[in-house]
There are 2 protein chains.
Amino acid sequence: MANKSELAKRMLKYRNVIIKLKNLGIVKVFSDNIADTSGLSSSQVRKDFSSLSIKGSKKGGYQIQYLVDRFEEILGAKNEQKVIIVGYGNIGKAIINYQNLNNDICKIVAAFDIDKEKTNSGLDTPVYHISELDSFSKKNKINIGIIAVPEEVANEVYEHMYNAGFKGILNFTRIHLKEIEGITIKTINIDLQIENLFYLVSLKEQSKDA
Amino acid sequence: MANKSELAKRMLKYRNVIIKLKNLGIVKVFSDNIADTSGLSSSQVRKDFSSLSIKGSKKGGYQIQYLVDRFEEILGAKNEQKVIIVGYGNIGKAIINYQNLNNDICKIVAAFDIDKEKTNSGLDTPVYHISELDSFSKKNKINIGIIAVPEEVANEVYEHMYNAGFKGILNFTRIHLKEIEGITIKTINIDLQIENLFYLVSLKEQSKDA
DNA sequence: TAGATTGTTAATCGATTAACAATC
DNA sequence: TAGATTGTTAATCGATTAACAATC
């Protein structure tokens with residue numbers, strides 16, 4: 001289960017790293033180089049490449065341009081995609097700011113909120129009332145969205161989006177959204193990560209004292 | 001390796017979920033309830049609780065107040081902690097906005113940037129020149145920081161913070177920062193998550209067509 | 001008692017790593 | 001050739017799950 005998702009994550013890492021190496025003017029790389037820059041083991045790099053039918057030459061390593069091409073082929077050309085966000089509170093706004101800057105991966109083309117006071121179609125990222133979500137996403141063929149609403153309504157919004165035909169959701173709330181057949185969910189829980197960091201650091205400090 | 005970190009992550013999840021259940025007025029829970037709300041299996045909940053010496057009663061489940069107390073004991077009281085952020089560009093600003101809102105976990109008390117034009121000690125979150133990082137963090141006993149600088153300088157900033165005695169780093173760049181003895185790193189790569197989501201969704205759509 | 005749930009052990013599952021033959 | 005690196009298989013490692021005895 002974690003399988004596909006983890007490999008996919010590594011694939012994206014590989015592509016990013018490879019593009020960076022190419023930009024540095026490097027022409028060929030060894031599994032070791034890629035391992036170092038991506039924080040993985042060389043065994044894993046070779047294993048993944050092998051499973052993706054990416055060929056290297058013994059002794060010669062991998063041609064960087066070939067890698068770039070292969071990954072583009074496998075992952076699809078990297079063209080900007082459109083997403084919408086539900087929830088135009090402070091967090092929603094912060095995400096919009098974060099995302100729409102120096103980012104060629106995706107663009108948040110609209111926000112939706114239940115509060116009519118917040119709607120404003122004159123902004124760079126227009127804000128519509130939630131009741132317009134279905135028609136907007138259908139019209140613009142958008143099926144991936146971000147949830148940045150208060151926890152209490154996260155599941156409700158999730159269901160709404162599911163019914164509206166969304167296929168992918170990026171969840172910024174602390175609530176666990178149960179994955180239903182036909183929809184993929186990713187959760188980014190920044191608070192949890194920070195808490196986790198604090199906890200791990202405190203653990204280390206304790207064990208050092210002991 | 002992933003071990004400790006994964007368990008820690010689940011522990012934080014447990015605490016969050018348990019507090020929510022308590023706030024709903026629930027008095028006792030079964031491993032099943034916790035599994036559902038946290039997206040884990042009941043086996044795992046029982047196993048984790050067991051390894052944390054958290055006792056339930058057969059048939060009676062777990063007393064919620066007891067759970068709250070135990071987790072507080074284990075994880076430490078949840079009091080706000082201070083962090084700083086390096087990088088006061090758009091992303092840094094977005095993170096500051098995100099973090100300092102409705103969040104009792106941590107507070108970003110200062111930002112640092114190399115650009116003197118950006119320094120401004122009059123803001124809610126004051127911005128200082130990077131040269132003041134060492135003295136500020138020492139004076140305020142801060143050893144956890146966020147990196148939100150351009151990729152090219154991420155490793156440089158990382159080294160700087162390491163030398164300044166930082167113990168934990170939350171990395172918002174796409175660069176892999178190699179963990180050194182004595183410092184813990186968490187990376188939050190929002191772009192990668194979104195890319196990943198797009199990729200997984202497209203995979204599913206393809207397999208459906210086939 | 002009958003039914004339900006914990007606590008724990010054993011089985012499974014899968015991911016990662018080690019190792020090395022093939023070979024450039 | 002000698003040395004180095006891939007590609008792949010086998011071994012390891014650990015995490016998750018299943019199952020069930022204990023027991024409330």
Side-chain angles (χ1 to χ4, degrees), chain A residues 1-14 17-18 21 26-71 74 176 178-179 196 200 203, chain B residues 1-14 17-18 21 26-71 74 176 178-179 196 200 203:
Chain A
M1 189 199 327
N3 185 5
K4 247 183 204 166
S5 175
E6 290 303 314
L7 174 59
K9 217 176 276 176
R10 288 200 301 275
M11 286 164 66
L12 298 166
K13 263 193 192 168
Y14 292 141
V17 156
I18 286 162
L21 292 171
I26 288 175
V27 171
K28 70 177 185 183
V29 287
F30 301 118
S31 55
D32 245 356
N33 306 138
I34 294 177
D36 284 344
T37 41
S38 58
L40 303 165
S41 73
S42 64
S43 286
Q44 184 149 63
V45 172
R46 292 199 300 278
K47 189 132 207 270
D48 284 344
F49 280 18
S50 167
S51 83
L52 295 167
S53 308
I54 290 176
K55 310 288 182 189
S57 77
K58 307 198 192 245
K59 168 111 162 121
Y62 304 87
Q63 294 294 320
I64 202 104
Q65 186 56 53
Y66 165 72
L67 291 178
V68 171
D69 294 344
R70 287 295 284 127
F71 274 104
I74 297 166
H176 169 74
K178 199 164 197 168
E179 211 159 290
N196 197 215
L200 293 176
L203 271 191
Chain B
M1 187 197 330
N3 187 3
K4 247 181 204 167
S5 175
E6 290 303 313
L7 174 58
K9 215 176 279 177
R10 287 201 300 273
M11 285 163 68
L12 298 165
K13 261 193 196 173
Y14 292 142
V17 156
I18 286 161
L21 292 172
I26 288 175
V27 171
K28 69 176 186 184
V29 286
F30 303 118
S31 55
D32 244 357
N33 305 138
I34 296 177
D36 284 343
T37 41
S38 57
L40 304 165
S41 74
S42 64
S43 287
Q44 183 149 63
V45 172
R46 292 198 301 277
K47 190 134 205 271
D48 285 342
F49 281 17
S50 167
S51 84
L52 295 167
S53 307
I54 290 175
K55 310 287 183 190
S57 75
K58 307 199 193 245
K59 166 111 166 114
Y62 304 88
Q63 293 294 319
I64 201 105
Q65 186 57 52
Y66 165 73
L67 291 178
V68 171
D69 295 344
R70 287 294 285 123
F71 274 104
I74 297 166
H176 170 73
K178 201 165 195 165
E179 212 159 290
N196 197 216
L200 293 177
L203 271 191

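Proteins get letters first, then strands, A, B, ... in listed order; numbering begins at 1 in each.
We find the CD1-CG distance between Ile18(B) and Asn33(B) to be 11.0 Å, quoted to the nearest 0.5 Å. From Met11(A), atom CE reaches atom CG of Asn196(B) across 10.0 Å, with rounding to the nearest 0.5 Å. Here the straight-line distance linking atom NZ of Lys47(A) with atom OG of Ser51(A) works out to 7.5 Å at 0.5 Å rounding. Taking OG of Ser38(B) as the reference point, atom CG of Leu12(B) lies at 12.0 Å (rounded to 0.5 Å).
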If you look only at distance, which donor and acceptor atoms sit under 3.5 Å apart when one is on a side chain in residues 54-62 of chain A and the other is two or more places apart or in another chain?
unit_1: Ser57(A); atom_1: OG; unit_2: Gly60(A); atom_2: N; d: 3.3

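Annotation: proximity of residues 26-36 of chain B to DNA chain C (heavy atom, distance under 4.0 Å) is found for Phe30(B), Ser31(B), numbered in ascending order. Listed in residue order, the members of residues 37-51 of chain B having a heavy atom less than 4.0 Å from DNA chain C are Arg46(B), Lys47(B), Ser50(B). Listed by residue number, the members of residues 57-69 of chain B with any heavy atom below 4.0 angstrom from DNA chain C are Ser57(B), Lys58(B), Lys59(B), Gly61(B), Tyr62(B).
For the salt bridge (charged side-chain N to carboxylate O under 4.0 Å, His left out) test, residues two or more places apart in sequence or in another chain that qualify with Arg70(B) are Glu73(B).
Considering Leu67(A), Asp48(A), Ile64(A), Leu40(A) as possible partners of Ile34(A), the one that fulfils the side chain to side chain contact (heavy atoms under 4.5 Å, CB included) test is Leu67(A). A ring-ring contact (aromatic ring centres under 6.0 Å, His included) with Phe49(B) holds for exactly one of Phe30(B), Tyr66(B), Tyr14(B); it is Tyr14(B).
Looking at every heavy atom in both residues, Thr37(B) comes nearest to His176(A) through O-CB, 3.5 Å. Contact record, Ser31(B) with Arg46(B): OG-NH1, 3.2 Å, taken as the closest heavy-atom pair. Residues Leu200(A) and Ala8(B) come closest through the heavy atom pair CD2-CB, 4.2 Å. Annotation for Ser41(A) and Ala35(A): closest pair C-CB, 3.7 Å, computed over non-hydrogen atoms.
Atom-to-atom, CG of Leu52(B) to P of dT6(C) comes out at 15 Å; the value is rounded to the nearest Å. Between the P atom of dG7(C) and the NZ atom of Lys55(B) lies a distance of 7 Å, rounded to the nearest Å.
In DNA chain D, consecutive stretches of 3 or more Watson-Crick or G-U wobble pairs with both distances under 3.5 Å are given as paired ranges: C:3-24 with D:3-24.
For the pair Lys178(A)/Asp36(B), a side-chain contact is recorded, criterion being any heavy-atom separation below 4.5 Å from C-beta on.
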